[in-house]
Chemist: 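Below: one structure in structure tokens.
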Amino acid sequence: MPWFKVDDRLYSHPKLAALEAGKHFAEAVALWCIAGSWCASQLTDGGVPMAQLRRLVPFGARKAAGELVRVRLWEEAEDGYRFRSWDEYQPSRESVVTKRQKTAAKVASWRDRNQVTEQ
């Protein structure tokens, strides 16, 4: 299971301070956190489709997304939005899938070696 990593100094990041200057701070922070969790679980590599916005945060999602773009935490994408620098801070879809495959192979190998025969 991948995790959405949040810097333990997020509270003091200049981009978060820039969000405070906007009218939709709470909605933007909620959307950023919930969308990050969703992206990690769905292995989207930071892509947030427009159709998913209101499902993630049903209040002020479009305005919140606009605020995230304004402070450069997100960027506009063809079908919605994308986390900026996702690849620098979060595991990619490819790395998660590869890790899962390696783990599955190890588990299968262990089961084969330790198979108990019924008598």
Chemist: Hey, what do you get for CD (Glu94) to CG (Asp87), rounding to the nearest 0.5 Å?
Modeler: 10.5 Å

Chemist: Going by heavy atoms in the side chains, are Lys63 and Glu27 under 4.5 Å from each other?
Modeler: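 Side-chain contact under 4.5 Å: no.
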
Chemist: May I ask you to decide if Pro49's main-chain N or O and Arg82's side chain share a donor-acceptor pair within less than 3.5 Å?
Modeler: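 No: the side chain of Arg82 does not pair with the backbone of Pro49.
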
Chemist: Can the ring centroids of Tyr81 and Trp32 be said to lie less than 6.0 angstrom from one another?
Modeler: no

Chemist: Considering non-hydrogen atoms only, spot the tightest contact between Ala65 and Leu53 and give its length.
Modeler: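 Result for this residue pair: CB-CD1, 4.2 Å.
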
Chemist: How long is the gap from CG on Leu73 to CG on Leu10, to the nearest 0.5 Å?
Modeler: 8.0 Å

Chemist: Within this structure, what is the CD-CZ distance for the pair Glu75 and Arg84, rounded to the nearest 0.5 Å?
Modeler: 5.0 Å

Chemist: Dump the intermediate steps for side chain to side chain contact (heavy atoms under 4.5 Å, CB included) on Phe4 and Cys39, then the final yes or no.
Modeler: CA-CA 8 Å; Phe4 176 59; Cys39 288; over 6 Å; no

Chemist: Contact between Phe83 and Asp45 at the side-chain level, heavy atoms closer than 4.5 Å - yes or no?
Modeler: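 Not touching, per the 4.5 Å side-chain cut-off.
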
Chemist: Please answer: with hydrophobic residues joined when any side-chain heavy atoms are less than 4.5 Å apart, are Leu56 and Val69 in the same cluster?
Modeler: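 In one cluster with Leu56: Val69, yes.
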
Chemist: Could you grab the distance from atom CD of Glu67 to atom CZ of Arg62, nearest 0.5 Å is fine?
Modeler: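 The CD atom of Glu67 sits 15.0 Å away from the CZ atom of Arg62.
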
Chemist: Which is it for Lys5 and Tyr89 under the side chain to side chain contact (heavy atoms under 4.5 Å, CB included) test, yes or no, and what are the steps along the way?
Modeler: CA-CA 7 Å; Lys5 300 175 185 179; Tyr89 303 103; 5.8 Å; no

Chemist: Find out whether Arg111 and Val107 are in side-chain contact, i.e. whether some heavy atom of one side chain is under 4.5 Å from a heavy atom of the other.
Modeler: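 The answer is yes; the side chains approach within 4.5 Å.
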
Chemist: Take a 6.0 Å sphere around CZ of Arg9 and say whether it holds more than 12 heavy atoms from other residues, nucleotides or ligands.
Modeler: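 Counting neighbours around CZ of Arg9, 12 or fewer heavy atoms of other residues, nucleotides or ligands fall under 6.0 Å, so no.
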
Chemist: Look at atom CD of Glu78 and say whether more than 12 heavy atoms of other residues, nucleotides or ligands are closer to it than 6.0 Å.
Modeler: no

Chemist: Drop me the distance from His24's NE2 to Leu31's CG, to the nearest 0.5 angstrom.
Modeler: 12.5 Å

Chemist: Might you point out which heavy atoms bring Gln52 and Trp38 nearest each other, and give the distance in Å?
Modeler: NE2-NE1, 3.4 Å

Chemist: Step by step, would you call Leu68 with Leu19 a side chain to side chain contact (heavy atoms under 4.5 Å, CB included)?
Modeler: CA-CA 8 Å; Leu68 294 171; Leu19 269 181; 4.1 Å; yes

Chemist: Can you get from Ile34 to Phe59 by hopping between Ile, Leu, Val, Met, Phe, Trp and Tyr side chains that sit under 4.5 Å apart?
Modeler: yes

Chemist: Are Val57 and Val6 linked, directly or through other ILVMFWY residues, by side chains that come within less than 4.5 angstrom of each other?
Modeler: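 Same hydrophobic cluster.
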
Chemist: Any salt bridge linking Asp112 with Lys106? Criterion: basic side-chain nitrogen under 4.0 Å from a carboxylate oxygen.
Modeler: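 No.
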
